[in-house]
Amino acid sequence: MKGYNVLYPMGFHLTGIPIIAQANKIKENDPDILEDFKSFGIPQEEIAKMGDPLYMGNYFAKSARESMRRAGYSIDWTRSLTSIEPSFSKMVEWQFGILNRKGYLVQGKHPVGWCPKDQGAVGMHDTKGDVEPEIEKETAIKFKVEGTDYSILCATFRPETIEGVTNLFVGDFTYVTCRSGDEAYCMSAEGFEMLRHQISLEKTGEISGRELQGRKCINPANGKAVPIYPGYFVKQDVGTGAVMSVPAHAPFDYVALERLRKSGYNVDVVPVSVLQIPGKEIAGAPALAYLRAVNADENSSDELIEQATKLEYKEESHMGKMTIKGYEGMNEPAARDKAINELKSSNAAIEIYLLINEKPVYCRCKTRVVVKLVDNQWFINYGDEKWKGQVREHLKEMRIFPEKSRSAFESAVEWLNLRAVARAQGLGTRFPLDNRFIIESLSDSTIYMAFYTIRNLIANVDPSKLKTEFFDYVYLGIGDPNGVSKATGIDYETVKKCRESFSYWYKDTSRHSALELVFNHLTMHLFNHVAVFPRENWPKQVVVNGMILIEGEKMSKSLGNIILLSDAIKRYGVDSERFVAVASTDLFNDSDFSEAAVNGIKERFEYLNGVCESLDAMGTSELSQIDFWLYSKLNAKTDTVGRAMDILDLRTVSTELLYNTVIELRRYSARGGSNAMVMRDYITNVVLMLQPIAPHLSEELWHKLGNTSFSSTESWPSPDLSMVNAKVELQEGLIDSVISDAKQVAQLMSKKQGKKPKSITIITPSPWKADLMNSLAEHRDLGKAIEAVAKENRAEASKIAAGLARKLNEVKRAELSGDEEFSSLSSAQEYLSGILGCDVIVEKEPESKSQRASRAMPLKPSIDLSY
RNA sequence: GCAGGGGUGGCAGAGCUUGGCCAAAUGCGACGGGCUUAGGACCCGUUCCCUUAGCGGGUGCGAGAGUUCAAAUCUCUCCCCCUGCACCA
């Protein structure tokens with residue numbers, strides 16, 4: 001409608017593991033998935049074939065495509081692609097060749113969830129119950145046990161409290177001693193099993209927890225010997241099965257010591273505090289204070305102690321200041337970094353990775369998942385400073401909608417660092433540098449949009465011919481079509497057309513995607529474009545949007561509120577469905593799909609339809625004030641919608657086009673407006689502007705208006721701003737405010753005295769009052785303003801002015817003259833009397849005999865009810 | 001915890017960039033009235049409190065403090081919610 005050629009393609013991302021996991025579930029006749037698929041309306045015989053992941057992928061792609069077609073998306077399906085087709089893989093391989101040449105592919109260590117039995121990485125889809133293994137880095141501090149050659153490893157999240165360690169806790173279970181290079185460690189048997197996938201460990205012996213209890217070990221921070229005690233809460237499979245005890249700052253530690261004492265154990269330690277909260281200094285052990293704060297003591301349940309722990313950790317981390325030497329005044333996070341560095345550099349601690357899921361994570365094969373530090377993982381190095389810098393710069397030039405999400409992109413650019421790129425399993429493209437791996441599924445889809453520009457042209461080209469030379473030429477302009485044709489065996493015409501198509505389309509691109517993809521896909525797509533393409537083909541615009549909610553809730557299986565696009569269309573109609581998706585939100589937020597909202601929209605569609613059908617029965621006469629008012633509204637609306645469209649502020653577009661339109665049209669006809677020409681002009685623009693959101697409705701109404709073309713091929717309407725008439729709107733506004741005032745008074749009287757007015761007299765102010773106000777507004781000078789008033793009115797003028805003296809600065813100009821007020825109101829006399837339900841008389845103050853006449857002020861005529 | 005975004009009336013949701021015209025658009029809901037055999041739809045009105053011939057006053061936009069003649073809007077602190085946090089699409 002704005003005269004541009006637009007390419008709107010759509011593809012299907014089938015890469016990854018979930019689709020394989022789903023297919024496997026089908027093969028295993030998993031009742032849940034069979035039930036789900038059935039509820040999606042998939043025929044039984046189709047479900048049966050979905051043990052094949054490819055079949056499943058294609059089935060859903062086909063059905064999605066059909067829904068989108070029905071929803072009226074003007075997608076060019078000839079260019080549709082899937083991310084696992086061989087020709088697409090050729091492009092991805094080419095892309096990774098470039099990343100490699102630029103040095104952006106690096107190899108290194110990486111922690112992953114790992115199944116020791118399968119000898120493979122496990123993600124969410126490989127675990128029992130589909131839980132994501134949550135891996136966290138912790139500091140494991142070495143406490144050398146006196147009289148031995150080994151150190152007990154204690155994993156902790158708060159190494160900065162090490163000066164407060166008074167003892168260690170171990171459990172009544174089996175510990176193993178082991179060697180790692182020159183080091184000798186001691187940890188629980190389960191801890192050993194976990195850790196040996198991260199560091200090389202060689203078992204040298206076993207020792208029971210009881211044997212350790214009673215011994216002493218050395219706190220590496222200060223060289224002091226601290227005792228080892230039994231800890232009732234220590235678990236063999238959490239961390240290393242040994243805990244450093246900081247009774248001053250850890251309620252569990254405090255409680256454990258108290259319980260030992262009570263049971264007669266000789267506990268010979270005093271809590272040592274290492275930080276205080278300014279203004280809330282607590283003597284002795286803060287942990288005790290926090291226990292008391294939640295009404296807990298040493299006999300309380302673990303849950304209650306856990307509460308105290310959370311409270312203490314939170315407050316201390318937030319407000320605490322370190323008090324120990326070398327750390328004075330530091331806040332906890334900073335102290336933590338410093339402590340970790342010092343402990344590591346003095347070889348007193350190592351960093352380990354632990355699964356922090358609340359419950360143990362199991363692989364589908366029932367083996368407990370551990371963390372493995374794989375050392376040959378390939379990464380894309382988004383941390384490369386030069387690369388980051390280029391993206392940073394380019395981002396500044398991009399259009400981001402909504403603009404407020406730019407900050408999310410800015411931090412995403414800074415935050416992205418190494419991204420593991422190779423996976424052992426799943427659908428996708430083989431990793432060119434190591435064929436055993438598949439390219440991870442977000443990394444293979446960063447430049448796929450470029451493929452749309454040529455997908456239709458190479459539909460019949462043998463994928464093996466899609467060599468580097470081809471993509472170099474088409475995407476980068478390297479070489480010439482002749483040479484490329486010879487090198488690849490692709491015919492000259494195709495090569496040439498591909499390059500032309502890419503050059504034509506890939507200059508002003510807009511990418512729409514979901515908000516939650518900003519921190520991965522969307523920003524990665526920026527990085528990869530910058531790495532691969534010449535500057536002119538870098539992304540120009542990104543639009544992010546929220547999700548669709550159903551009656552305020554997220555769509556989810558458990559809520560049973562999933563509505564398929566195809567069903568929504570059937571149930572509510574295409575355009576209502578389209579409209580509700582954009583009407584209830586701006587891009588950034590989730591939009592709510594509620595029955596009430598859809599019905600409201602449908603009703604208004606009906607109203608517009610009715611207006612279009614009624615036009616033929618109406619006549620055309622000379623334009624009156626209300627006609628100018630509607631023209632004013634129309635052109636303001638056209639302007640507003642046009643601007644909102646430019647920044648994709650679809651909420652404004654939809655409220656303006658539907659809700660406000662209906663309000664305005666209703667007021668127009670209530671006010672006596674009945675000019676067919678005016679209404680036709682008005683509705684014509686509205687119908688055209690509705691085209692992008694409600695195309696079917698737009699076309700239908702367009703034809704009802706007597707047109708034979710398509711509204712979608714018409715030009716987008718442009719506003720005539722000279723028709724936007726502030727004065728007329730003010731005049732109409734005056735009428736509205738008189739109505740509301742008169743109603744209010746009438747109502748008060750009817751409530752109080754039960755009588756209804758016989759007639760209402762509206763008295764417009766004497767012209768000099770407007771002059772008075774204008775002078776006050778302009779000069780803010782009482783005397784000057786009063787002097788300007790004719791002598792006979794001065795007494796009254798000074799009364800008015802005196803009343804305004806205190807708010808002199810707030811006095812506003814009277815934008816309408818007394819005569820204008822009178823003519824507006826008297827022309828609306830019939831309307832007023834209809835709405836107010838009695839006779840209405842409009843008169844000017846000087847001619848009025850009413851006692852209330854003198855109350856008339858500019859834009860606030862006096863209203864006199866007679867009974 | 002870190003990063004980003006939020007917290008507005010019974011609900012949803014504008015307004016916040018550029019402080020005043022904001023007791024706060026619009027929609028929904030609720031209540032009262034009209035229309036109707038009745039329901040739906042539709043139309044009118046009310047919907048923070050007090051007060052009232054349309055005035056005026058109070059409270060008020062997560063909590064607290066500050067800047068200002070003036071704050072939903074600017075600054076600071078805190079609380080809460082949503083999203084993401086990497087091999088997972």
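Residue numbers begin at 1 in each chain, while the letters A, B, ... track the order of the sequences. The shown structure was predicted, so the numbers you read here are calculated from the model rather than taken from an experiment. Any value given below was found using the heavy atoms of this structure, including those in side chains, with hydrogens, waters and symmetry copies removed.
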**Asked** So which nucleotide does B/G4 pair with, by the Watson-Crick or G-U wobble rule with both distances under 3.5 Å?
**Response** B/C82
**Asked** Who does B/A30 pair with, Watson-Crick or G-U, both distances under 3.5 Å?
**Response** B/U46
**Prompt:** Between A/R666 and B/C43, does any side-chain N or O lie under 4.0 Å from OP1 or OP2?
**Reply:** yes
**Request:** Check whether any side-chain nitrogen or oxygen of A/K404 sits under 4.0 Å from OP1 or OP2 of B/G4, and answer yes or no.
**Result:** no
**Asked** So do A/V518 and A/V542 actually touch side chain to side chain, heavy atoms under 4.5 Å?
**Response** no
**Prompt:** Going through the distances and angles, do A/T15 and A/D444 end up as a side chain to side chain donor-acceptor pair (under 3.5 Å)?
**Reply:** CA-CA 8 Å; A/T15 316; A/D444 80 346; 2.8 Å; yes
Using the [atom1] atom as the point on both nucleotides, what is the distance between [M] and [N], in whole Å?
N: B/G10; M: B/G29; atom1: C1'; result: 7 Å
N: B/A71; M: B/G64; atom1: C1'; result: 15 Å
N: B/A86; M: B/U17; atom1: P; result: 37 Å
N: B/G1; M: B/U59; atom1: C1'; result: 39 Å
N: B/C35; M: B/C43; atom1: P; result: 16 Å
N: B/U46; M: B/C28; atom1: C1'; result: 16 Å
N: B/A24; M: B/A14; atom1: C1'; result: 10 Å
N: B/C69; M: B/C76; atom1: C1'; result: 23 Å

**Asked** How close or far is atom P of B/C85 from atom CZ of A/F409, stated in whole angstroms?
**Response** 15 Å
**Message:** I need the CG-P distance between A/L517 and B/A3, as an integer number of Å.
**Reply:** 21 Å
Counting side-chain heavy atoms from CB outward, which of [options] is closest to [X]?
X: A/F519; options: B/A3, B/A86, B/G27; answer: B/A3
X: A/S441; options: B/C55, B/A89, B/C28; answer: B/A89
X: A/E603; options: B/G84, B/G27, B/C42; answer: B/C42
X: A/N520; options: B/C55, B/C28, B/A89; answer: B/A89
X: A/S407; options: B/G5, B/A14, B/A3; answer: B/G5
X: A/L442; options: B/A89, B/U26, B/C28; answer: B/A89
X: A/E516; options: B/A14, B/G5, B/G84; answer: B/G84
X: A/R651; options: B/C55, B/G13, B/G27; answer: B/G13

**Asked** Where do A/F519 and A/T523 land on the side-chain contact (heavy atoms from CB on, under 4.5 Å) test, with the steps shown first?
**Response** CA-CA 6 Å; A/F519 279 84; A/T523 304; over 6 Å; no
Regarding [X], tell me which of base, sugar-phosphate or nothing describes its non-hydrogen contacts under 4.0 Å with the strands shown.
X: A/G600; result: nothing
X: A/V122; result: sugar-phosphate
X: A/R336; result: nothing
X: A/H521; result: nothing
X: A/P133; result: nothing
X: A/N417; result: base

**Message:** Are A/F437 and A/W378, when compared by the centres of their aromatic rings, separated by less than 6.0 Å?
**Reply:** no
**Prompt:** Hey, what's the ring geometry for A/F527 with A/W387, parallel, tilted or perpendicular (30° and 60° as the breaks)?
**Reply:** perpendicular
**Message:** Using the rule side chain to side chain contact (heavy atoms under 4.5 Å, CB included), only one of A/T764, A/V842, A/I762 pairs with A/V738; which is it?
**Reply:** A/I762
**Asked** If you draw the axis of the six-membered ring of A/F579, does the NZ or CZ of A/R604 fall within 45° of it and under 6.0 Å from the ring centre?
**Response** no
